[in-house]
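All residue numbers in this chain count up from 1 along the given sequence. Atoms within each ligand, like the ligands themselves, are counted from 1 in listed order. Just so you know, these numbers use all the heavy atoms, side chains as well, and skip hydrogens, waters and symmetry mates. Values in this document were obtained by computation on a predicted structure and should not be read as measured data.
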Amino acid sequence: MDEIKERLDQVRENIQKACGRAGRNPAEVNVIAVTKYVDVETTRRVLDVGLTDIGESRAQEAVPKWEELGERGAWHFIGHLQRNKVKAVVGRFTYVHSLDRYSLARELNNRSEALGQPTRCFIQVNVAGEESKRGLKPEEVIDFAREAAELPWLQLAGLMTMAPFTEDPEEVRPVFRQLRGLQQEIRKLGDSRLNLPHLSMGMSRDYTVAVEEGATFVRLGSVLVGGPPGRR
Ligand SMILES: *Cc1c(COP(=O)(O)O)cnc(C)c1O
């Protein structure tokens with residue numbers, strides 16, 4: 001059997017078990033196959049086994065893959081996004097998971113308007129306050145979300161975080177729990193533009209814990225396609 005298919009079956013089983021432990025419906029959990037480590041042929045195989053969400057973190061590497069395979073899936077931009085790369089991303093990527101500053105929000109909005117195609121965004125939150133990580137501080141998120149919600153061509157899809165690197169994923173459970181707490185706090189404001197239905201959290205090492213804590217998108221690279229585990 002195809003190796004990617006085998007890996008996917010294992011991932012789906014693990015997600016199902018995590019959902020069982022948490023009393024969740026596995027249909028709520030979307031797997032994003034992160035293909036940043038692999039070439040266009042492997043990305044094609046990922047789509048061939050039935051995965052439909054593709055994650056890439058660098059525009060210059062993603063665009064050639066998108067040119068070949070773009071119509072076959074929904075594309076997620078998950079890496080740091082520089083403003084001068086926004087043109088390459090909007091119109092190709094349905095989702096941007098790395099919205100972390102207002103200047104970027106405005107640029108994404110303007111480009112989306114120019115193409116007549118809204119961009120769905122996740123606000124990236126640096127829950128653990130790591131120096132090396134991007135993202136807003138948790139206490140900045142509500143004000144930022146209110147401002148971003150004023151931009152008509154952005155659709156706020158949810159919150160995203162990257163947990164610290166640990167050998168034992170149990171250690172990062174509080175990070176995921178805090179992101180969900182923040183989502184609930186924002187929803188309680190009762191503003192329909194701040195519904196933020198999704199939580200993008202969980203990578204190869206920690207996705208089962210993230211699913212137990214409410215992830216609706218997990219971003220999986222090495223566990224699905226091989227390659228080194230993601231930089232944290
Ligand atoms: C690389 C990357 C991933 C996937 O990492 P793995 O550990 O290989 O699953 C997920 N999210 C982001 C933001 C990444 O950059």
*Between K36 and ligand 1, which part of the residue brings a heavy atom under 4.0 Å of the ligand: side chain, backbone, both or neither?*
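K36 to ligand 1: side-chain contact only, backbone stays beyond 4.0 Å.
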*ligand 1 versus I78: contacting region, heavy-atom distance under 4.0 Å*: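 Looking at I78 and ligand 1, atoms from backbone and side chain both fall under 4.0 Å.
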If only side-chain N and O atoms count, and only distance matters, is there a donor-acceptor pair under 3.5 Å linking [Y] with [X]?
| X | Y | value |
| --- | --- | --- |
| H80 | S98 | no |
| T161 | Q124 | no |
| N126 | E130 | no |

*Look only at interatomic distance and state if S57 has a nitrogen or oxygen under 3.5 Å from any nitrogen or oxygen of ligand 1.*
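It does not: no N or O of S57 is found under 3.5 Å from an N or O of ligand 1.
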*Do any N/O atoms on S204 end up under 3.5 angstrom from N/O atoms on ligand 1?*
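Among all N and O atoms of S204, at least one is under 3.5 Å from an N or O of ligand 1.
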*Does M162 come within less than 4.0 Å of ligand 1, judged by its heavy atoms?*
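Checking ligand 1 against M162, which is what was asked, there is a heavy-atom contact under 4.0 Å.
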*Going by heavy atoms, is Y37 under 4.0 Å from ligand 1?*
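Yes, Y37 has heavy atoms under 4.0 Å from ligand 1.
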Please identify which atoms of ligand 1 are closer than 4.0 Å to at least one heavy atom of [X].
| X | answer |
| --- | --- |
| L220 | 9 (O) |
| R219 | 4 (C), 9 (O), 10 (C), 11 (N), 12 (C), 13 (C) |
| S222 | 6 (P), 7 (O), 8 (O), 9 (O) |
| G221 | 4 (C), 6 (P), 8 (O), 9 (O) |

*Cationic tip of R92 within the cone over W75's six-membered ring, i.e. under 6.0 Å and within 45° of the normal?*
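Checked: cation-pi criterion not met.
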*Determine, considering heavy atoms only, which of M203, K133, H97, Q124 sits nearest to atom 3 (C) of ligand 1.*
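When every heavy atom of M203, K133, H97, Q124 is considered, M203 comes closest to atom 3 (C) of ligand 1.
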*Give the ring-plane orientation class for H198 versus F217, where under 30° counts as parallel, over 60° as perpendicular and anything between as tilted.*
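Ring orientation, 0 to 90° scale: perpendicular.
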_Parallel, tilted or perpendicular: ring planes of Y95 versus F122, cut at 30 and 60 degrees_ =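 Tilted, since the angle between the ring planes falls between 30° and 60°.
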_Side-chain ion pair, E28 and R24, N-O less than 4.0 Å_ =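 Yes, charged N to carboxylate O under 4.0 Å.
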*Charged N to carboxylate O below 4.0 Å: is that the case for K188 and E185?*
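No salt bridge links K188 with E185.
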